[in-house]
Colleague: 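Take this structure, written in structure tokens, and hold onto it; I'll ask about it next.
Chain letters run A, B, ... following the sequence lines, proteins first and then strands; every chain starts at 1. Quick note: numbers below take in every heavy atom, side chains included, and nothing from hydrogens, waters or symmetry partners.
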Number of protein chains: 2
Amino acid sequence: MSLPHAILTALLEKPSSGLELTRRFDRSIGYFWSATHQQIYRELGKLEEARLIRALPSSQPARGRRKEYEVLPAGRSELAGWVGRTEDPKPIRDALLLRMRAAAVVGTEGLDAELRRHLDLHRRQLAEYEDIEKRHFPPERDAAEDRLRHVVLRGGIELERFWIGWLTEALGELERLPPAPR
Amino acid sequence: MSLPHAILTALLEKPSSGLELTRRFDRSIGYFWSATHQQIYRELGKLEEARLIRALPSSQPARGRRKEYEVLPAGRSELAGWVGRTEDPKPIRDALLLRMRAAAVVGTEGLDAELRRHLDLHRRQLAEYEDIEKRHFPPERDAAEDRLRHVVLRGGIELERFWIGWLTEALGELERLPPAPR
DNA sequence: CCCCGTTGTGCAACTTGTTGCATAACGGGG
DNA sequence: CCCCGTTATGCAACAAGTTGCACAACGGGG
């Protein structure tokens with residue numbers, strides 16, 4: 001259950017409204033913990049009720065009215081505690097690997113196109129990450145906390161490289177296969 | 001929605017009962033599409049109702065009584081169609097990357113231990129994969145369909161290597177950090 | 001001044017996945 | 001022959017994530 005902690009992190013970096021958070025989840029934070037606006041609004045409600053965050057007094061409560069939140073001390077310590085908490089890595093659940101395995105049984109028809117499409121998507125994502133890296137983390141200018149963020153970004157970068165490599169390999173294997181497999 | 005297709009694949013490879021499937025999901029198939037016995041039983045029920053699979057006649061229906069399933073032709077074509085279907089890659093949602101990012105804001109306390117623990121887990125998993133590779137895919141003996149399965153396994157292997165690399169890098173960064181970050 | 005597109009918040013219903021537990025059949029040891 | 005551990009199936013309640021839509025405020029153009 002990490003969504004609340006993702007939100008706390010985002011709000012600590014900068015107090016925001018729900019929609020603003022949603023946008024930021026479409027960019028930086030969401031690169032490793034995605035969430036829809038629905039999840040975010042619901043969770044903001046819960047966090048407020050739990051007194052981990054509060055709405056800035058300036059924003060009076062009314063539907064359709066912008067409402068900005070900030071993290072309370074209780075929220076910060078909750079997050080600090082969570083950082084060191086133990087949680088097993090989630091087992092992989094990837095549809096593409098599954099498709100590949102299924103293809104070994106019922107034939108590969110249509111799979112190559114999908115692999116190529118993903119390859120393209122991952123290349124774009126990689127390009128975007130590398131762009132961010134260039135802009136946010138110029139060589140040897142990292143302050144202590146920036147270096148942690150940089151490591152996270154490099155994780156994203158290397159993950160994309162992994163996919164590009166695997167997809168390329170998989171496509172090669174598909175082509176090398178007998179023309180009409182089943 | 002890939003669980004039904006994971007089950008169809010598994011059943012095509014070998015007709016099985018619910019528990020047997022569960023065990024196989026703890027090993028091979030589950031390495032890239034995990035599922036609990038609950039999900040599996042529920043899904044078997046749905047698939048049977050949809051006439052994509054059927055219980056083998058030998059196994060009479062009774063609670064606590066072993067019930068073996070096989071895939072019907074309709075199931076096989078459903079799976080074949082699914083293989084080439086289009087589906088965007090799911091955005092990453094990884095708690096460890098998130099923790100790292102949170103650590104940049106509230107401090108890294110306890111994070112290093114968790115990273116080391118994961119590093120160990122990933123090393124074990126890698127060793128297991130490499131063992132499977134050695135046993136199931138000896139060099140230059142791959143038949144056509146084995147090669148696809150082999151590519152899938154190599155995906156798992158390289159993914160583990162990615163994590164090991166990243167965790168090592170991240171740990172290095174943590175150590176290099178000022179001793180009392182906040 | 002009012003209409004309409006944009007910004008922003010939110011409810012409700014649904015799907016998927018998790019957890020805890022209940023229950024039935026089977027087989028071997030006392 | 002009956003007790004109990006193992007094998008096997010399953011219900012129910014919950015938690016998390018997704019989708020579709022409703023509705024309020026705001027601001028600019030006609």
Colleague: Separation of B:L3 atom CG from C:dT18 atom P, in whole Å?
Modeller: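 Spelled out: CG on B:L3 to P on C:dT18 is 10 Å.
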Colleague: Nearest to the A:H37 side chain among D:dT18, C:dG10, D:dT9, which nucleotide is it?
Modeller: C:dG10
Colleague: Can you tell me if A:R93 touches the phosphate of C:dT18, counting only side-chain N or O atoms and a distance under 4.0 Å to OP1 or OP2?
Modeller: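 True: A:R93 side-chain N/O within range (under 4.0 Å) of C:dT18 OP1/OP2.
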Colleague: How many Å lie between CH2 on A:W33 and C1' on D:dT18, as a whole number?
Modeller: 15 Å
Colleague: How long is the straight-line distance from CD of A:E114 back to CE of A:M100, given to the nearest 0.5 Å?
Modeller: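 Reported value, rounded in 0.5 Å steps: 12.0 Å.
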Colleague: To the nearest angstrom, how far is B:E87 atom CD from C:dT16 atom P?
Modeller: 11 Å
Colleague: NZ of B:K67 versus C1' of C:dA24: gap in Å, rounded?
Modeller: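 After rounding, the reported distance stands at 14 Å.
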Colleague: Side chain of A:Q39, heavy atoms from C-beta onward: which of D:dT18, C:dT16, C:dT18 has the nearest atom to it?
Modeller: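 Of the options given, the side chain of A:Q39 lies nearest D:dT18.
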Colleague: Can you measure B:F25 atom CZ to C:dT16 atom P for me and round it to whole angstrom units?
Modeller: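 Rounded to whole Å, this separation is 15 Å.
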Colleague: When you look at CD of B:E78, are more than 12 heavy atoms from neighbouring residues, nucleotides or ligands closer to it than 6.0 Å?
Modeller: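 Yes, CD of B:E78 has more than 12 neighbouring heavy atoms, counting only those of other groups under 6.0 Å.
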Colleague: Determine, step by step, whether A:D94 and B:K90 satisfy the salt bridge (charged side-chain N to carboxylate O under 4.0 Å, His left out) criterion, reporting the C-alpha distance in whole Å, the side-chain angles of both residues, the deciding distance to 0.1 Å, and the verdict.
Modeller: CA-CA 8 Å; A:D94 184 86; B:K90 287 254 178 327; over 6 Å; no
Colleague: Tell me: OH of A:Y41 to C1' of C:dT7, nearest whole Å?
Modeller: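 Distance, rounded to whole Å: 9 Å.
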Colleague: Check this for me: does any side-chain nitrogen of one of B:E160 and B:R124 sit under 4.0 Å from a carboxylate oxygen of the other?
Modeller: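 Not counted as a salt bridge, because no side-chain N and carboxylate O are separated by less than 4.0 Å.
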Colleague: Could you list by number each residue of residues 4-24 of chain A showing a heavy-atom separation from DNA chain C of less than 4.0 Å, or answer none if no residue does?
Modeller: A:S17, A:G18, A:L19, A:R23
Colleague: Parallel, tilted or perpendicular: which fits the ring planes of A:H118 and A:H122, with parallel below 30° and perpendicular above 60°?
Modeller: tilted
Colleague: In whole Å, what is the span from the CD atom of B:E43 to the C1' atom of D:dT9?
Modeller: 16 Å
Colleague: Expressed as a whole number of angstroms, how long is the span from A:I40:CD1 to C:dC11:P?
Modeller: 15 Å
Colleague: Does any donor-acceptor pair link the side chain of B:R42 with the base of C:dT16 at a separation under 3.5 Å?
Modeller: no
Colleague: Can you confirm whether B:R161 is buried at CZ, in the sense that more than 12 heavy atoms of other residues, nucleotides or ligands lie under 6.0 Å from that atom?
Modeller: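 Above 12, so yes.
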Colleague: Do the side chains of B:D112 and B:R116 get close enough for a salt bridge, i.e. N-O under 4.0 angstrom?
Modeller: yes
Colleague: I'd like to know if A:Q38 reaches the base of C:dG10 with its side chain, counting only an N/O donor and acceptor under 3.5 Å.
Modeller: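 A donor-acceptor contact between them is present.
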Colleague: Can you tell me the pairing partner of C:dG30 across any strand shown, Watson-Crick or G-U wobble, with both distances under 3.5 angstrom?
Modeller: D:dC1
